[in-house]
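Start at 1 with the first residue, then count along the sequence. Indexing begins at 1, ligand by ligand and atom by atom, following the structure's order.
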Amino acid sequence: MSDNSIGTLESSPVIKRYPHNPVLSAKDVPYSSALVFNAGATKYNGKYIMCFRNDYGSLEEQRIEGTNIGVAFSDDGIHWEVRPEPCFTLRVDEIIHVYDPRLIVIEDKCYMCFAMDTLHGVRGCIAVTDDFERFELLHMTLPDNRNLVLFPEKVNGKYVRLERPFPAYSRGVDRFDIWISDSPDLIHWGNSYLVLAVEDVPFANNKIGPGAPPVRTPKGWLTVFHSVDEDPARGKDGWEKSWKKRYTAGVMLLDSENPSRVVGLYKEPLMVPEVKYEVEGGYRNKVVFPTGMILEESGEVKIYYGAADTVIGLATAHVDDLLNLCLQKP
Ligand code: BMA
């Protein structure tokens with residue numbers, strides 16, 4: 001271990017993993033698929049809908065040939081049926097691929113935020129759809145920016161998003177934080193503020209980023225984020241020659257009226273990679289990457305997350321337990 005290594009971490013006991021995880025993996029996909037992970041999830045027109053990252057190629061030969069985004073539907077948020085064709089692909093000239101979709105319904109319209117790798121940087125994008133076949137692209141950020149998540153309703157008359165720019169020049173490599181911006185129309189964005197800095201997260205020594213779109217609670221906007229710690233002592237841990245990072249999940253609460261203000265941050269991780277499909281046999285092991293969060297009327301929160309960049313897991317917690325974690329005094 002090096003001096004600033006984070007060491008052993010544990011998931012909070014409020015988190016329950018679905019015992020039959022993963023809820024979706026390559027074997028469930030009726031077209032070429034190797035890695036199925038990082039899925040946006042929402043409820044729309046009476047169904048659960050998930051848009052997921054599908055890296056195709058060969059799992060056995062550890063080969064990726066490209067990425068598309070697939071869509072799956074469910075009546076219970078647990079058992080999913082994948083539509084026979086991918087729903088979204090962009091691989092033309094300047095655009096290398098699109099990935100890591102997040103879904104959110106605002107005023108009965110469904111929006112998908114996603115990342116786009118281009119020859120000139122990573123861009124965060126927002127599109128709108130009503131059938132998951134046709135998507136109208138509304139906005140693309142300047143590079144480098146990704147992990148866009150929209151709030152489910154306007155705040156003070158404006159659309160709001162969390163995002164994660166990559167200020168590599170000014171902060172050195174990989175010291176990245178969570179920011180917020182607003183917009184009158186989802187097309188023009190500005191009024192940007194820092195929300196949470198990587199140095200404010202005790203279990204991060206590398207970078208953080210938004211996870212799933214926030215949910216409204218009586219105490220504020222509840223939202224999960226991803227947090228990364230790196231340890232030079234780590235070596236090969238997946239398909240790549242070397243993988244020294246661990247991705248965990250954190251949880252925080254933002255002010256209802258001024259969501260750039262953090263009113264509660266749980267100082268320990270909410271979820272840490274610790275079960276088999278999160279820590280071994282994957283493309284990149286020791287990764288939990290939350291990208292979808294649904295608050296049920298019962299108070300149950302469903303959290304969808306990429307596990308080891310290879311499959312999709314579901315974890316649940318009660319909303320009151322998550323709020324208590326955020327608001328507990330040190
Ligand atoms: C991030 C993104 C995610 C991925 C994660 C862990 O930088 O590329 O798509 O899940 O790394 O590899």
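- In terms of protein heavy atoms, atom 12 (O) of ligand 1 is closest to Asp309 OD2, 2.6 Å.
- Taking both residues in full, the closest heavy atoms of Val149 and Gly211 are given as CG1-O, 3.5 Å, listed atom of the first, atom of the second, then distance.
- At least one heavy atom of Arg53 lies less than 4.0 angstrom from ligand 1.
- Between Asp100 and ligand 1, a contact under 3.5 Å exists for at least one N or O pair.
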Could you walk me through whether Asp100 and Arg146 pass salt bridge (Lys or Arg N to Asp or Glu O under 4.0 Å), step by step?
-> CA-CA 9 Å; Asp100 292 1; Arg146 73 173 163 209; 5.6 Å; no
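- Rounded to the nearest 0.5 angstrom, Tyr111 OH and Ile104 CD1 are separated by 11.0 Å.
- Closest approach of Trp239 to Gly282, counting heavy atoms only: CD1-O, 3.5 Å.
- Applying the 4.0 Å criterion to heavy atoms of Trp243 picks out, from ligand 1, the atoms 12 (O).
- When every heavy atom of Pro214 is checked against every heavy atom of Leu150, the shortest pair comes out as CD-O, 3.7 Å.
- Residue contacts with ligand 1 leave out Tyr305, since none of its heavy atoms falls under 4.0 Å from the ligand.
- Within ligand 1, the atoms closer than 4.0 Å to a non-hydrogen atom of Lys207 are 7 (O), numbered from 1 in the order shown.
- With a 6.0 Å cutoff to the six-membered ring centre and a 45° limit on the axis angle, Arg216 counts as a cation-pi contact of Trp221.
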Please assess Asn147 against Arg102 for the test side-chain hydrogen bond (donor to acceptor under 3.5 Å, both in side chains), listing each intermediate value before the final yes or no.
-> CA-CA 8 Å; Asn147 301 304; Arg102 270 84 164 193; 3.1 Å; yes
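- Under a 4.0 angstrom heavy-atom cut-off, Arg164 registers as lying outside contact with ligand 1.
- For atom 11 (O) of ligand 1, the choice among Tyr99, Tyr247, Phe37, Tyr283 with the nearest heavy atom turns out to be Tyr247.
- Scanning the protein for heavy atoms near atom 8 (O) of ligand 1, the closest one is Arg146 NH2, 3.9 Å.
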